[in-house]
Amino acid sequence: MRRNRIVCVVGPTACHKTEFSISLAERVNGEIISADSVQVYLGMDIGSAKPTLEERRGIPHHMLDCVPIDTPEFSVSQYRSMATSAIMDVLLRGKTAIVVGGSGLYVNALTYPLGFAVPKDEEARKSMEALYDHNPNAAYARLAMIDLETASRLHQNDRKRIVRALEVFECSGKPLSSYGGDFQNTGGGEALFEPLLFGLNMDRALLYKRIDLRVDQMLARGLVEEARKIYGQGYSRNLPAMQSIGYRQLFRVFDGGTTLEQATEQIKLDTRHFAKRQLTWFRRDPRIRWQDVGDYEAIRNDYLLESSELTKRWMDEKE
RNA sequence: GCCUCGGUAGCUCAGUUGGUAGAGCAAGGGACUGAAAAUCCCUGUGUCGGUGGUUCGACUCCACUCUGAGGCA
């Protein structure tokens with residue numbers, strides 16, 4: 001059986017991924033599947049740079065507005081299962097599936113056979129968190145005893161991952177590492193896709209300038225009002241969605257803890273840090289074909305021509 | 001014109017009785033399997049404002065000088 005082929009567009013935030021992927025979709029009869037951990041939330045539009053209907057130019061988009069902000073259980077695994085159905089649907093209709101987004105783990109969940117362990121268990125997690133907070137060294141030592149492989153991979157201070165690894169063992173009696181190791185191993189057994197990966201990037205200084213500019217644009221488009229509306233719902237700040245950049249900093253302004261000016265600077269800084277982490281993630285992926293889009297307007301047409309040709313060949317290739 | 005306090009890493013500043021410097025932030029690199037826009041790790045050579053002097057040796061003392069802030073006239 002022929003493997004299912006898809007196209008992915010990745011790269012740091014503010015790198016023209018949205019515009020490029022929509023233009024590409026127009027040329028290759030494609031539909032977009034977002035791979036963005038914040039755009040899945042209903043009501044988080046401006047701050048997540050979710051493409052507007054106008055920007056989408058009639059191209060169908062999937063994996064946007066999938067869950068309400070107060071879902072505590074949305075996860076990579078859930079993303080994978082929902083996105084997989086969306087992609088299958090697109091492919092069955094004979095169209096090209098274009099996965100676009102900056103959440104590297106989400107892209108890998110679709111393009112590598114990652115084997116996820118047991119789902120999050122609130123009880124187990126709470127007790128493992130308590131264990132870690134009470135004595136981090138003991139918690140780490142315990143992990144080393146039940147799962148040396150995972151323990152040696154993690155730093156003692158990595159509370160989140162140590163707690164998760166302990167939680168998995170607590171719930172399943174099996175070490176996390178037994179569920180499928182690195183990106184080379186199989187173990188998931190779920191639907192996977194073979195990707196053609198386009199990576200967009202630009203000079204770091206230029207990227208940071210664009211980020212600053214885009215944050216100002218978001219504010220001009222009404223980010224404060226959007227955040228205030230969410231703030232007014234009184235959701236728990238511990239919800240993953242509530243920690244998104246652009247929102248969590250504004251919540252502090254509403255709390256009276258800081259000024260809008262300071263929050264704006266913080267949003268810019270946090271976004272730059274985020275972009276840097278995204279690059280660290282994507283740079284190690286040898287499958288990506290990188291393109292410098294520092295002067296996007298100038299290269300746009302040539303690059304679209306080239307990448308749409310590549311895409312067509314990729315999708316038509318028989319095995 | 002005089003007095004006082006400053007001028008040390010991109011920024012804010014430490015620097016002990018003289019032995020050629022170190023924190024936070026920024027910046028750079030890395031990790032990443034059900035919270036991933038999260039979480040975590042690693043990386044500090046800079047004419048110590050300038051010139052000259054004392055000294056075996058000066059960011060540290062002295063002189064002159066440039067420069068910033070404040071005060072007194």
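Note on naming: letters A, B, ... go to the chains in the order of the sequence lines (proteins, then strands), and numbering restarts at 1 for each one.
Annotation: B/rU17 and B/rA31 have their C1' atoms spaced 47 Å apart (nearest Å). Annotation: B/rG6 and B/rC48 have their C1' atoms spaced 14 Å apart (nearest Å). Taking atom C1' in both B/rC66 and B/rG50, the straight-line distance is 7 Å, to the nearest Å. Remark: the separation of the C1' atoms in B/rA14 and B/rC59 is 12 Å, to the nearest Å. When the C1' atom is used for both B/rG46 and B/rA21, the distance is 9 Å, rounded to whole Å. As rounded to the nearest Å, B/rU43 and B/rA35 have C1' atoms that lie 28 Å from one another. The separation of B/rG71 from B/rC11, taken at their C1' atoms, amounts to 28 Å, rounded to a whole angstrom. On the P atoms, B/rC72 is 42 Å away from B/rA27, given to the nearest whole Å.
Between A/Arg277 atom CZ and B/rG28 atom P the separation is 13 Å, expressed in whole Å. Atom P of nucleotide B/rC41 and atom CD of A/Gln156 are separated by 11 Å, given to the nearest angstrom. Going from atom OH of A/Tyr106 over to atom P of B/rA38 covers 12 Å, rounded to whole Å. The CG-P distance, from A/Leu105 to B/rG34, rounds to 8 Å in whole Å. For the pair A/Ile162 CD1 and B/rC40 P, the computed distance is 11 Å after rounding to whole Å. Computed from coordinates, the A/Lys160 NZ to B/rG34 C1' distance equals 12 Å when rounded to whole Å. Regarding A/Glu129, its CD atom lies at a distance of 10 Å from the C1' atom of B/rA35, rounded to whole Å. Between the CG atom of A/Leu154 and the C1' atom of B/rC41 there is a distance of 11 Å, given to the nearest Å.
Remark: B/rC11 base-pairs with B/rG24. Criterion, Watson-Crick or G-U wobble with two distances under 3.5 Å. Base pairing annotation: B/rC61 forms a Watson-Crick or G-U wobble pair with B/rG53, both donor-acceptor distances under 3.5 Å. The partner of B/rC72, taking Watson-Crick or G-U wobble pairs whose two distances both stay under 3.5 Å, is B/rG1. The base-pairing partner of B/rG46, taking Watson-Crick or G-U wobble contacts with both distances under 3.5 Å, does not exist among the strands shown. Pair assignment for B/rU39 gives B/rA31, based on Watson-Crick or G-U wobble hydrogen-bonding distances that are each under 3.5 Å.
A continuous path of hydrophobic side-chain contacts links A/Leu310 to A/Ile32 [ILVMFWY only; heavy atoms under 4.5 Å]. Hydrophobic cluster membership differs between A/Val163 and A/Phe116, with clusters built from Ile, Leu, Val, Met, Phe, Trp and Tyr side chains linked at under 4.5 angstrom.
Side-chain rings of A/Phe20 and A/Tyr296 stay apart, their centers remaining 6.0 Å or farther from each other.
Taking both residues in full, the closest heavy atoms of A/Val253 and A/Ala263 are given as CG2-CB, 3.4 Å, listed atom of the first, atom of the second, then distance.
Using a 4.0 Å heavy-atom distance criterion, A/Gly246 is classed as making no nucleic acid contact. Base contact: A/Thr280 has a heavy atom under 4.0 Å from a base atom. Among the atoms of the strands shown, base atoms are found under 4.0 Å from some heavy atom of A/Ser48. Here A/Asp36 lies in heavy-atom contact (under 4.0 Å) with a base.
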So which protein nitrogen or oxygen atoms get under 3.5 Å of nucleotides 25-27 of chain B's nitrogens or oxygens?
unit_1	atom_1	unit_2	atom_2	d
B/rA27	OP2	A/His273	NE2	2.5

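Distances shown here put every side-chain N or O of A/Arg80 at or beyond 4.0 Å from the OP1 or OP2 atom of B/rG34. Proximity of A/Arg125 to the phosphate of B/rA35: a side-chain N or O atom is located under 4.0 Å from OP1 or OP2. Distances shorter than 4.0 Å separate none of the side-chain N or O atoms of A/Asn157 from OP1 or OP2 on B/rC40.
The side chain of A/Trp281 lies closest to B/rA36, out of B/rA38, B/rC41, B/rA36. When each of B/rG30, B/rU39, B/rA35 is scored by its nearest atom to the side-chain atoms of A/Arg283, the top-ranked nucleotide is B/rG30.
The distance from atom SG of A/Cys8 to atom CG of A/Leu110, rounded to the nearest 0.5 Å, is 7.0 Å. Atom NE2 of A/His16 sits about 12.5 Å away from atom CD1 of A/Ile22, to the nearest 0.5 Å. Separation of atoms CG (A/Asp255) and OH (A/Tyr231) is listed at 3.5 Å; rounding is to 0.5 Å.
Between A/Arg161 and A/Asp158, at least one side-chain N (NZ, or NE/NH1/NH2) sits under 4.0 Å from a carboxylate O, which counts as a salt bridge. Ionic pairing of A/Arg93 and A/Glu31 is present here: one or more N-O contacts between side-chain nitrogen and carboxylate oxygen are shorter than 4.0 angstrom.
If you check the side chains of A/Asp36 and A/Tyr106, you find no donor sitting under 3.5 Å from an acceptor. In this model, a donor atom of one side chain and an acceptor atom of the other lie less than 3.5 Å apart for A/Arg214 and A/Thr13.
If you check residues 69-76 of chain A against RNA chain B, the residues with a heavy atom closer than 4.0 Å are A/Phe74, A/Ser75, A/Val76, listed by number.
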Residues A/Lys160, A/Arg164; criterion side-chain contact (heavy atoms from CB on, under 4.5 Å); working and verdict = CA-CA 6 Å; A/Lys160 195 177 268 197; A/Arg164 169 63 183 161; over 6 Å; no

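Looking at which nucleotide of RNA chain B each of A/Lys120 and A/Gln243 is closest to, the 5′-most match is held by A/Lys120.
On a pure distance criterion of 3.5 Å, a polar donor-acceptor pair joins the side chain of A/Arg161 and the base of B/rA38.
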